[in-house]
Protein chains: 2
Amino acid sequence: MSLSVQRNQEIERLQKKLGYRFKRVELLHKALTHRSYGAKNNERLEFIGDSILNYTVAKMLFLTFPDMTEGELSRLRANLVNQDTLADIATELNVGDCLFLGVGELKSGGFRRPSILADAMEAMFAAVSFDANFDEAEHVVTLLFQNRIRNIDLRNHGKDAKTLLQEALQARRLPLPKYRIEDQFGEAHEQTFVIVCDLGELGFQCKAQAHSRRLAEQAAAKEALNYVEKKCSFKRP
Amino acid sequence: MSLSVQRNQEIERLQKKLGYRFKRVELLHKALTHRSYGAKNNERLEFIGDSILNYTVAKMLFLTFPDMTEGELSRLRANLVNQDTLADIATELNVGDCLFLGVGELKSGGFRRPSILADAMEAMFAAVSFDANFDEAEHVVTLLFQNRIRNIDLRNHGKDAKTLLQEALQARRLPLPKYRIEDQFGEAHEQTFVIVCDLGELGFQCKAQAHSRRLAEQAAAKEALNYVEKKCSFKRP
């Protein structure tokens, strides 16, 4: 099967997963086109999509957490709306196999580069707003983020495991963790990453695997955090 | 006339100028309430309004300048959407006289503080979106910004006169300008600022006046820029 036939099938699936079918599929194609592919690319759409995403997540948080201050809402949004999260969502949607990339990017694995995936996500939100209207784009973003917002652990102020692990180590005056890829396997569009989290002088290591490097790091950090909280006491200066 | 009667009249006028009449005027009141006034204030609304503003101006620029890159659009928006511009718009709309401020802020002139005015503007955009819907808020922002976008001087990449003056002086290895308030008069809600722009060793000074300090500085900078471009040659190192 040729690359373009396979991509068209993936783009079909993508629309199902987004819960939105494009009337002008060329708008979706543009959103999926990296600048390495040519002058008609997704950069301008991304500029619009970024602000659709920011508004929609802001409003979802505003309505979900009526007692939070503006500062707390801002922090939560910053933890939710960033390149890593967007790249994770793109990976779940298999956006990598839908991208139009230049030859160089294609060869160097651009279809799994977080920045390229995140930009394509934002550009798609804009493409939906132009193909239909703002409300439809808001709806697409809402579907993609509602579980992430539901699962926010407020005890941790929405901080992720890597951040919490770093803070736990700093509070105990211990060195910061090191993460490394131990293994990486599977087809390009369905890779698995095995990550080791190494706590250095503590002599603790743990492993986790997931379909994105970030998710595997988070899972490993969670296990390491569990260890630190149980085993390591605070050292007073 | 008591403060609250006067404020209610101003709030009536404000709605006319915004081109939007609130069904739930308490939402507008909340948007006009600074945190110094009490716990029910505009800070959470501002969080939402900021992203409505960013989206709307992004889209206006996107549609107005079809050949601009994402980077150029971003720079233009940063020049348009900032505290100074919002405070200028608030001054034009006389928002200062509509604010609910705590006693301390009232006495120290909070009704003309740019940060307070800018926050109230953003909160109002959110209030419109909750009172009606997103499209209505977009419409309000569009009305307020359309002339500013029409008047963008693309030769200057949307830079304002103060920035251009600074760049012109730096290019000529000349010292930066100094601005000072020479006079300030008129009623609290209709003050006039007289600003002097002083080019130091060049021996050039000029004056300008306007209803906000920023606008007066910009006008003075424009005149000084004119002088520098005509009279001062580039010094080669």
Side-chain angles (χ1 to χ4, degrees), chain A residues 27 30-31 33-35 39-78 80-81 115 118-120 122-123 125-130 132-139 141-142, chain B residues 27 30-31 33-35 39-78 80-81 115 118-120 122-123 125-130 132-139 141-142:
Chain A
L27 268 170
K30 193 171 189 184
T33 303
H34 184 250
R35 62 169 179 273
K40 283 184 75 172
N41 58 52
N42 62 13
E43 291 195 302
R44 276 169 50 90
L45 284 174
E46 186 218 329
F47 174 63
I48 301 291
D50 173 74
S51 58
I52 295 174
L53 175 61
N54 270 312
Y55 165 75
T56 304
V57 173
K59 186 175 154 195
M60 291 171 83
L61 293 172
F62 181 97
L63 297 174
T64 307
F65 302 111
D67 298 323
M68 271 193 191
T69 65
E70 182 195 11
E72 290 165 331
L73 294 171
S74 286
R75 272 191 296 282
L76 271 191
R77 183 173 62 178
L80 277 170
V81 177
S115 62
D119 290 353
E122 292 185 334
F125 303 146
V128 173
S129 83
F130 287 120
N133 51 48
F134 184 89
D135 289 351
E136 196 67 55
E138 188 183 346
H139 182 67
V141 176
T142 302
Chain B
L27 268 169
K30 195 173 187 179
T33 302
H34 184 250
R35 63 168 177 274
K40 283 185 75 172
N41 59 52
N42 63 12
E43 292 195 300
R44 278 168 49 90
L45 285 174
E46 186 218 328
F47 174 63
I48 301 290
D50 173 74
S51 58
I52 295 175
L53 175 61
N54 270 310
Y55 166 76
T56 304
V57 174
K59 187 176 153 195
M60 292 171 83
L61 293 171
F62 181 97
L63 297 174
T64 308
F65 303 110
D67 299 323
M68 272 194 191
T69 65
E70 183 196 9
E72 290 166 330
L73 294 170
S74 285
R75 272 192 295 282
L76 271 192
R77 183 175 60 178
L80 277 169
V81 177
S115 61
D119 290 353
E122 292 186 333
F125 303 146
V128 173
S129 82
F130 287 119
N133 52 48
F134 184 89
D135 290 351
E136 195 67 56
E138 188 183 345
H139 182 67
V141 176
T142 303

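The sequence lines fix the lettering, A, B, ..., with proteins before strands; numbering per chain opens at 1.
Once rounded to the nearest 0.5 Å, the distance linking CZ of A:Phe47 with CG of B:Leu73 reads 5.0 Å. The distance from atom NZ of B:Lys59 to atom CZ of A:Phe134, rounded to the nearest 0.5 Å, is 9.0 Å. Distance CG/A:Asn54 to CD1/B:Ile52: 12.5 Å, rounded to 0.5 Å.
Sorted by first and then second residue, the salt bridge (Lys or Arg N to Asp or Glu O under 4.0 Å) pairs with a member in residues 42-57 of chain A read A:Arg35-A:Glu43; sequence neighbours excluded.
Here the closest heavy-atom approach between residue A:Phe130 and residue B:Leu63 is recorded as CE2-CD2, 4.3 Å.
Two rings, from B:Tyr55 and A:Tyr55, have their centers 6.0 Å or more apart.
With sequence neighbours excluded, no residue forms a side chain to side chain donor-acceptor pair (under 3.5 Å) with A:Thr142.
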